[in-house]
Amino acid sequence: MVRRMNTPRSLALILLVLCAAASQAGQRVRSRAGVGARYYSGQDTEIAAPFDNDTSYGLVYEYHEGGTFWQFGVSYASSMGSNHVDAVITPEINLMVTDGGWRGGIGVLASHIETEDDSDWSDIYYQFILGFEIPVGALALNFQTYYVFDDFDNLDEFDIDELDVSAYLMYQF
């Protein structure tokens, strides 16, 4: 006979474990903020982002708890001539893990696209992230590579020429 736990008890147990883990991680919480630039390569696959060999400038905030952290960012690009877009504002949220100087994760983002005639939000799209960090005193240089895609079913269409890169100068407080 198989014994099953009822749902309220299971949820209470999971909540208790998460609270205990959070209280242990609370001593290692830290925040960081940074400024930087991202270069968007030309995309052969069709994604919701309007970028084609363009650069954006952005701000990022990171909330670290141990080896994982949330990264919240926004970037701005203007005068994008190759695709008739005047400006793009792109907020993003990434869930990252770090091990020593290496970092990686997955993110969700959308772009507010302004053209001469209209402005509208793109569909939500995703990114895989891999990078490393170089400490420089109280600051750090973050270099990251992004693979942007709009559907998990299209991951088999990976092309190394479609990788985006960024560099951010970070400050911990």
Side-chain angles (χ1 to χ4, degrees), residues 18 21-22 24-25 28-78 80 82-83 85 87-113 121-173:
L18 290 175
Q24 294 296 319
R28 297 176 282 157
V29 171
R30 59 191 169 112
S31 294
R32 296 172 14 140
V35 61
R38 178 171 173 171
Y39 173 76
Y40 297 87
S41 65
Q43 299 285 333
D44 291 334
T45 58
E46 188 171 321
I47 59 171
F51 302 106
D52 186 15
N53 297 314
D54 296 306
T55 301
S56 70
Y57 303 95
L59 301 171
V60 67
Y61 169 78
E62 296 178 351
Y63 179 79
H64 290 249
E65 285 193 37
T68 61
F69 63 95
W70 288 101
Q71 186 181 64
F72 305 93
V74 63
S75 62
Y76 176 77
S78 65
M80 301 164 59
S82 62
N83 50 17
V85 174
V88 179
I89 299 171
T90 306
E92 63 183 85
I93 182 170
N94 305 306
L95 179 58
M96 306 285 288
V97 295
T98 183
D99 184 18
W102 293 97
R103 52 186 35 221
I106 187 166
V108 177
L109 52 165
S111 295
H112 184 265
I113 305 163
W121 284 95
S122 70
D123 293 334
I124 291 175
Y125 53 104
Y126 311 95
Q127 60 188 0
F128 284 126
I129 306 162
L130 181 62
F132 63 95
E133 175 178 285
I134 301 171
V136 182
L139 303 175
L141 287 172
N142 284 348
F143 299 98
Q144 296 182 156
T145 302
Y146 306 84
Y147 180 66
V148 179
F149 59 99
D150 66 347
D151 189 357
F152 284 89
D153 293 336
N154 297 337
L155 290 178
D156 59 343
E157 299 174 11
F158 175 80
D159 184 358
I160 198 159
D161 293 333
E162 295 181 352
L163 294 177
D164 301 341
V165 294
S166 74
Y168 277 82
L169 181 62
M170 304 296 294
Y171 173 73
Q172 180 174 317
F173 54 95

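The minimum heavy-atom distance between Ile113 and Ser122, with the atom names listed, is CD1-CB, 4.0 Å.
Considering only heavy atoms from C-beta on, Phe69 stays 4.5 Å or farther from Leu95 through its side chain. Side-chain contact between Phe128 and Thr145 is absent, with no heavy atoms from C-beta onward closer than 4.5 Å. Leu109 places none of its side-chain heavy atoms less than 4.5 Å from the side chain of Pro91. Proximity of Tyr147 to Glu162: side-chain heavy atoms (C-beta onward) are separated by under 4.5 Å at one or more points. Looking at Arg103 and Val97, their side chains never come closer than 4.5 Å, going by heavy atoms from C-beta outward.
Side-chain polar atoms of Ser166 and Tyr39 form no donor-acceptor pair below 3.5 angstrom. For the residue pair Asn142 and Gln144, no side-chain donor N or O sits within less than 3.5 Å of a side-chain acceptor on the partner. Looking at Gln127 and Tyr125, their side chains never bring a donor and an acceptor atom within 3.5 Å of each other. No side-chain donor-acceptor contact under 3.5 Å links Ser75 and Tyr57. Donor-acceptor pairing under 3.5 Å is lacking for the side chains of Arg32 and Gln172. For the 3.5 Å distance criterion, the side chains of Tyr40 and Thr55 fail to qualify, holding no donor opposite an acceptor.
Rounded to the nearest 0.5 angstrom, Leu59 CG and Tyr76 OH are separated by 13.0 Å.
Within 6.0 Å of atom CZ in Phe158, more than 12 heavy atoms from other residues, nucleotides or ligands are found, so the atom counts as buried in its surroundings.
For the pairing with Gln71, the side-chain hydrogen bond (donor to acceptor under 3.5 Å, both in side chains) check across Glu92, His64, Glu62 returns one residue only, Glu62.
Among residues two or more places apart in sequence or in another chain, the side-chain contact (heavy atoms from CB on, under 4.5 Å) test is passed with Phe143 by Phe132, Ile134, Leu141, Ala167. Legend: residues meeting side-chain contact (heavy atoms from CB on, under 4.5 Å) with Val108, ordered by chain and number and at least two apart, are Ile93, Ile124, Tyr126.
By the 30° and 60° cut-offs, the orientation of the rings of Phe152 relative to Phe149 is perpendicular.
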